[in-house]
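Following: one structure in structure tokens, then a few remarks.
Reminder, nothing fancy here: chain letters follow the sequence lines and each chain counts from 1.
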Amino acid sequence: MRLAYYDNAQVWYCEHDKIVCSNEEVLADGTHEKCGNPVVKRNLKQWMLRIPHYAERLLAGLETVEWPEGIKDMQKNWIGKSTGAEVDFQVDGHDKIIRVFTTRPDTLFGATYMVLAPEHELVNQITTEDKKEDVASYKRKAALKSDLDRTDLAKEKTGEFTGSYAINPVNGEKIPIWVADYVLMGYGTGAIMAVPSNDMRDFEFATEFNIPIKPILDPDEADEETRARVVKGEECWEEDGVFINSSSSFGGLDINGLKKQDGISKTVAWLEEKGLGTEMINYKMRDWLFSRQRYWGEPFPVIHWEDGEIEVMDDHALPLELPKLANYTPGDNGESPLANAGDWLSVTDAKGRKGRRETNTMPQWAGSCWYYLRFTDARNDDEPFSKEAEHYWMPVDQYIGGAEHAVLHLLYSRFWHKVLYDLGIVSTDEPFTRLFNQGMILAFAYESATGAKVASDLVKEKDGKYFHSQTGEELKQIVAKMSKSLKNVINPDDVVKNYGADSLRLYEMFMGPLEATKPWTELGVKGVFGFLGRAYRFFTELKNIHQDEEDPGITKSLHQTIKKAQQDIEGLHFNTAISQMMIFTNNCIKKGKVNKQSATTFARVLAPFAPHLAEEIWSIHGEPPTIANQPFPEYNEEYLKEDVFEYPVSFNGKLRFKLELPLSMPEDEIRQQVLDHESAAKWLNGGEPKKIIVVKGRIINIVI
RNA sequence: GCCCGGAUGGUGGAAUUGGUAGACACGCUGGACUUAAAAUCCAGUGGCCAGUGAUGGCCGUGUGGGUUCAAGUCCCACUCCGGGUACCA
């Protein structure tokens, strides 16, 4: 199967600017964001990629990668797999067939009408004479509606009867065929069977247009009142239940008394046997429109010959580079600026045949889908990347990026990578093994009581409250994205100038979990700046440093620090790794002295976080450059062993006192020790304990 | 509407996945140093109550229930906030 094809696609076109607009540029009222003039739909020949062909593989691959579940869910929803059946309905009095997709073939008995999308090709053919005008007018209106109008605002259902009827294949009943824009041409077959008793949208439509609602399901698990209403067809029920009114001698199908799953299997088997339908899987994901009408972007290496042949250029003729243009204005009829590139545009082959180059260019995805592969071998002039480099580096062990890429970049590049894998160009099926979504760093901003945002340079602080420096109005401090208009942008260069690069880096890691969205505070930077200063002073001042054997408490704390930092780095919990380093430093400062060996070992733990300062400590101790080449220290489990534990002793779950006991003490003895403790009597209050729970090295709980 | 997150002191956040809630840091209070300020150092700091005092008690992880010897952590219902999505048959 060819993965790319060239065909008509609908695009938004602004006749004022004479350009094709992206969806985001089209406002809800159907006008162009930039110029305010209305946009129209227009057909343009475009390159499309058949990404749904990879839908199953894209779903299956999600099970093999370590990604946040939320992102996986978003991709699954985007792919939107649904299993159901395609069913054929005969149009009464025509030799036409309307094919529909449904996830609920079991509800065929409840189908009381059908709906075609306004763009459906059968609409004109089956509309009766007396309805032609109304239907044509409805189609025009639907075509003018923007996508948003058609979806968001159109809670009120609209539609028009075509005058024709279809035959319900399960019972031979004639059901009216309507046209309505709540059915989309781009999904399924662009036509549906409507079951108002069991589909909310159909229920609303049927109510609006007085179409019969035929109950076919008894919701046996619902409350009595709901059940009664549903069985009378007064309420819509989308959950499971027991089928009623679902048999007919017309086709011989009977699913009365069955529940949803059995109803589906039996109906599908019946449809397949009669040749009226088949089981079918549908995806929400559509073909991917890959053409853009812009100058910037990779040009398609394609020539359109005068005889109609569309030729893809040979590899050896690549790369096809963009021509230098004096004028970047769009070509006619929404064509890209390349349509103006005279010399570049026209080609003649050896036989004198004339051709024109493709003027569309590729979207930025063409680069972002595989840039990580180029990164493995960026200076390779002969090929995109060597097999060796790809094999060595791929797949990406840890990909860090924002959650906003969840369904576009991260899905497109997975698709791209799988295609390359199938072509034998890359050696793995998935590009990114682990994915991590870092949070955004925000900043404080200020707003008035009316919600108006106030730029930070107009804000005065007094006693923890904030005021407008001109109006004196009291302001509320809020957290918002950094923006020029709010004047709350933090320039990293300034932070580096005032506090140093190590402080900037350390603060960003210390301010909270990597995935959290959190506001920048200058006081926070001061905090880590202070820590770095304390550490630097303590570990470099000669009076603090000794060569004797290290104090066991300090050794223990050092090894705890190595262990915690190592584990936290692996888990990307940098904030807690840093707090452990602060604890170690505080311990040393309290002790007042430290062994030289401990000081340089600590410098090696600190080095990945604050490389400059760690290097200073390292070199002041006469160690050879550079600490960057030193391995991360290893901890020794021996030093971390505990032989006593201070047990928290609680009565009925309430902590009452603490008791230090050897960890080796058997449970029976612990029980005795606890009961003999002077404070125990007070809480036992003369009574006998019901139960004493001892969790070794954790807790003691006495139930009274 | 649906899907995905989240809610812990004055603030940013810890909490070995059911076992001492508030680590670490900011801020604040008091003290030392200083002519003074900054910087630095020391001590205290969840709330309420009792006591001159060491100390002791009660309450506390958005709300209301539940499971458990034990709940920030698990279950049920809900509130609020953030992000995504939109008639997908």
Side-chain angles (χ1 to χ4, degrees), chain A residues 68-74 76-78 80-82 84 100-104 107 114-115 117 147-148 150-155 157 180-184 186-195 198-202 204-205 282-286 402-404 406-407 437 439-440 464 477 479 507 510-513 515-528 530-531 533-534 537 564 567 573 575-583 585-586 589-590 646-658 682 689-704:
Chain A
E69 285 307 316
I71 301 286
K72 289 192 194 180
D73 285 339
M74 281 165 78
K76 281 179 204 163
N77 290 339
W78 191 265
K81 177 179 180 173
S82 56
V100 303
F101 172 72
T102 175
T103 53
R104 298 291 305 272
T107 62
M114 296 188 80
V115 183
D147 280 0
L148 272 170
R150 225 170 125 161
T151 56
D152 195 29
L153 304 175
K155 282 294 168 212
K157 297 275 184 289
D181 64 6
Y182 80 94
V183 173
L184 308 174
Y187 182 78
T189 61
I192 60 159
M193 65 174 208
V195 183
N198 301 92
D199 182 292
M200 207 56 212
R201 295 156 307 183
D202 298 343
E204 283 169 10
F205 190 86
N282 239 306
Y283 303 95
K284 276 198 235 178
M285 190 166 57
R286 317 281 171 77
E404 69 274 16
V407 284
N437 298 126
M440 206 186 319
Q477 189 181 53
V479 170
Y507 173 58
F510 184 62
M511 61 198 294
E515 66 272 23
T517 298
K518 45 214 176 295
W520 178 277
T521 65
E522 172 136 4
L523 286 170
V525 191
K526 274 191 182 162
V528 293
F531 159 67
R534 272 193 301 282
R537 285 190 296 276
K564 178 115 181 92
Q567 290 174 345
H573 306 301
N575 54 331
T576 48
I578 293 165
S579 88
Q580 180 60 40
M581 287 189 272
M582 289 172 169
I583 292 171
T585 305
N586 292 345
I589 290 173
K590 237 175 219 141
E646 189 182 44
Y647 282 94
V649 181
S650 49
F651 288 76
N652 285 346
K654 278 194 192 301
L655 176 70
R656 295 307 180 186
F657 61 89
K658 292 180 183 178
K682 175 180 166 192
K690 255 198 237 164
K691 201 173 173 186
I692 303 175
I693 288 148
V694 176
V695 184
K696 274 242 170 135
R698 274 287 136 84
I699 201 166
I700 297 164
N701 190 20
I702 296 159
V703 188
I704 48 177

Side chain to side chain, A:Phe531 and A:Tyr507, heavy atoms closer than 4.5 Å: no
Distance, P atom - from B:A70 to B:C4, rounded to whole angstrom: 32 Å
Separation of the C1' atoms in B:A14 and B:G22, to the nearest angstrom: 7 Å
N/O donor-acceptor pair under 3.5 Å between A:Tyr647 side chain and A:Gly697 backbone: yes
Among B:C69, B:A25, B:U16, the nucleotide that comes nearest once only the side chain of A:Lys691 is considered: B:C69
Non-hydrogen side-chain atoms of A:Ile693 and A:Ile700 separated by less than 4.5 Å: no
Pairing pattern in dot-bracket form [Watson-Crick, G-U; both distances under 3.5 Å; | = partner strand] for RNA chain B: (((((((..(((......[....)))((((((.......))))))(((((....)))))..(((((..]....))))))))))))....
Out of B:C24, B:A89, B:U20, whichever nucleotide has its closest atom nearest the side chain of A:Leu655: B:U20
Given B:A15, B:C87, B:A25, the nucleotide with the shortest approach to the side chain of A:Asp181: B:C87
Touch class at under 4.0 angstrom, heavy-atom based, for A:Ser650 against every strand present: nothing
NZ or CZ of A:Lys157 within 45° of A:Tyr182 ring axis and under 6.0 Å: yes
Among B:A25, B:A14, B:A70, the one nearest A:Phe510 by side-chain distance: B:A25
Sugar-phosphate only, base, or nothing, as touched by A:Asn77 at under 4.0 Å among non-hydrogen atoms: sugar-phosphate
Separation between the C1' atoms of B:G13 and B:A23, rounded to whole Å: 10 Å
Nearest-nucleotide pick for A:Leu184, side chain only, options being B:U20, B:A89, B:U40: B:A89
Whole-angstrom distance between B:G10 and B:U63, as gauged at atom P: 14 Å
N/O donor-acceptor pair, side chain A:Lys157 with base B:C87, under 3.5 angstrom: yes
Length of the CD1-P vector between A:Ile589 and B:C24, whole Å: 13 Å
Sugar-phosphate, base or nothing in reach of A:Pro513, heavy atoms under 4.0 Å: sugar-phosphate
Between P of B:U85 and NZ of A:Lys72, the distance in whole Å: 21 Å
Sugar-phosphate, base or nothing in reach of A:Asp202, heavy atoms under 4.0 Å: nothing
B:G65 versus B:C59 - spacing of their P atoms, nearest Å: 15 Å
Base B:U20 to side chain A:Arg656, donor-acceptor N/O within 3.5 Å cut-off: no
Among B:U16, B:A89, B:C24, the one nearest A:Tyr187 by side-chain distance: B:A89
For atom NZ of A:Lys658 and atom C1' of B:U55, their distance in whole Å: 15 Å
Nearest-angstrom distance, P atom, B:G9 to B:U61: 9 Å
Same-atom distance (P) from B:G18 to B:G12, integer angstrom: 27 Å
Sugar-phosphate, base or nothing in reach of A:Lys76, heavy atoms under 4.0 Å: nothing
Rounded C1' spacing from B:C75 to B:C24 in Å: 33 Å
Nucleotide of B:G19, B:C3, B:C24 approaching A:Met582 most closely (side-chain heavy atoms): B:C24
Sugar-phosphate, base or nothing in reach of A:Val703, heavy atoms under 4.0 Å: sugar-phosphate
Closest listed nucleotide, where the reference is the side chain of A:Asn575 and the choices are B:A21, B:A14, B:C41: B:A14
Sugar-phosphate, base or nothing in reach of A:Gly80, heavy atoms under 4.0 Å: nothing
Nucleotide nearest A:Pro648 when distance is taken to its side chain, options B:U20, B:C59, B:C24: B:U20
